[in-house]
Amino acid sequence: MTKKLLWIIFAGTLLMYSRPAAALIQIKLGVVTKPGSAQNIVAEKFKELVEKASNGDINVQIFHSKSIGNETEILQQIQMNTIQMGIITAGPFDTFDPIVRVINYPFMFKTHEQADKILDGPLGAKILKSLERAGFKGLCFSENGFRDLTNNKHPVRTPDDLRGLKIRVMSSVLHKAIWQILGANPTPMPWPIYTELEQGVIDGQENPLWVIEVYKLYEVQKYLTLTHHVYSPHIDVASLKWWKTLDANTKDLIQKTIYEAAVFQRHDNRSKNAARLAFLKSKGMQIEEHPDIDAFRAKVAGLKDMDLYSEPRVQALLIEMMNATK
Ligand code: EAX
């Protein structure tokens with residue numbers, strides 16, 4: 001063996017064992033909400049699991065509380081790979097890929113178990129796969145939960161009670177259409193919206209119970225109606241551009257740990273709902289627990305025939321999903 005070759009082997013061995021302590025893969029992960037939120041619980045659990053499973057080779061830095069922009073802006077940064085991952089509510093995805101409207105179709109999912117079965121199964125996989133055309137690697141679904149309505153004007157039991165109510169909705173064509181067809185006056189706005197509610201720029205909003213508690217919306221909203229009108233998942237995504245640079249083992253590890261974090265968070269969220277309702281009552285919210293859901297459902301029935309579902313692949317998946325969730 002030549003001296004030179006020996007030297008190369010020696011140097012190579014040295015390099016292998018003297019790897020710097022810094023992580024090999026840095027992941028910047030964006031969520032729009034604050035610590036204690038559903039999205040942050042997924043993010044923190046994922047960080048814990050993936051850093052441990054990779055022995056520190058992967059490091060996750062979480063950006064929360066709008067520190068890198070609203071949800072649409074985070075998604076744009078993920079497309080460009082300036083941010084590698086995000087835990088983002090499905091609503092604002094619908095301008096990037098209309099197929100996401102299928103999972104946000106009102107009254108589609110009846111139970112948490114059904115949502116899990118569909119979203120973790122082949123239909124959910126179709127949606128995750130479709131996101132590649134917009135530059136996202138869809139990894140899995142965690143949850144915001146079933147959305148309920150709050151407002152500060154009067155109790156709401158039927159769609160007739162919505163007339164004239166100014167409701168903040170997510171930046172989503174579908175969510176705006178839902179509240180328009182129900183007879184309210186919807187305004188899309190990015191999250192958060194406490195000040196707008198406080199100042200009366202809007203009368204109400206719709207979100208799962210954890211949001212009303214964590215963001216203290218009970219301070220500025222008197223009436224809560226358990227409409228459960230939309231099951232609202234988060235889509236846990238990576239930048240497709242970035243994803244393509246990873247080796248198979250790293251991809252597996254990320255895929256496995258993000259899913260574990262998602263399942264952990266879904267259960268965590270569901271286990272707290274009864275206590276949240278009691279808490280909101282104790283804070284003086286007036287709660288309509290049994291609104292006329294059939295009337296709400298009848299009002300939104302025409303949505304499936306509207307333009308926002310007209311693209312053939314979107315329409316086809318909508319029908320498939322409706323049949324699977326009957
Ligand atoms: O979790 O903008 C919204 O209403 C979303 O639900 C937000 O991510 C809060």
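Order of listing sets the numbers, starting from 1, for every ligand and every atom in it. Computed over heavy atoms, backbone and side chain alike; hydrogens, waters and symmetry mates excluded. One-based numbering along the sequence shown.
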Nearest candidate to atom 4 (O) of ligand 1, where distance is taken over non-hydrogen atoms, out of R168, E71, E206: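 The residue whose heavy atom sits nearest atom 4 (O) of ligand 1 is R168.
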Establish, yes or no, whether the cationic atom of K34 lies under 6.0 Å from the six-membered ring centre of Y215 and within 45° of the ring axis.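 K34 over Y215 ring: yes.
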Quick check with a 6.0 Å cut-off and a 45 degree axis cone: is K45 positioned over the face of F264's six-membered ring?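 Judged by the rule, K45 and F264 form a cation-pi pair.
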Which is it for N104 and R147 under the side chain to side chain donor-acceptor pair (under 3.5 Å) test, yes or no, and what are the steps along the way? CA-CA 10 Å; N104 276 324; R147 302 179 79 90; over 6 Å; no
Give me the residue, atom name and distance of the protein heavy atom closest to atom 8 (O) of ligand 1.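 Of the protein heavy atoms, T89 OG1, 2.8 Å lies nearest.
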Based purely on interatomic distance, does Q39 place a nitrogen or oxygen under 3.5 Å from a nitrogen or oxygen of ligand 1?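 Yes, at least one N or O pair falls under 3.5 Å.
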Do ligand 1 and W191 have nitrogen or oxygen atoms that lie under 3.5 Å from each other?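 By distance alone, the answer is no.
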Kindly compute the distance separating CD1 (I99) from CZ (R133), expressed to the nearest 0.5 Å.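 Separation between the atoms: 7.0 Å.
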Spacing of I27 atom CD1 and M85 atom CE [to the nearest 0.5 Å]: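 Here the interatomic distance stands at 5.5 Å.
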Ligand 1 versus W210: contacting region, heavy-atom distance under 4.0 Å: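 For W210, only side-chain atoms sit under 4.0 Å from ligand 1.
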Please work out, at 4.0 Å between heavy atoms, whether the side chain, the backbone, both, or neither of K34 comes within that distance of ligand 1.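 K34 to ligand 1: no contact under 4.0 Å from either part.
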Is it the case that over 12 heavy atoms from other parts of the model lie below 6.0 angstrom from the NZ atom of K110?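 Yes, enclosed.
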Is the shortest distance from a heavy atom of R147 to ligand 1 less than 4.0 Å?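 It does, in that a heavy atom of R147 comes within the 4.0 Å cut-off of ligand 1.
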Q205 touching ligand 1 at heavy-atom level, < 4.0 angstrom: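 It does not; every heavy atom stays at 4.0 Å or beyond.
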Answer with yes or no after comparing the ring centroid distance for F146 and H112 against a 6.0 Å cut-off, counting only values under it.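 Distance test on ring centres: under 6.0 Å, yes.
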With heavy-atom distances below 4.0 Å as the criterion, list the atoms of ligand 1 near T33.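 So the atoms of ligand 1 that pass are 1 (O), 9 (C).
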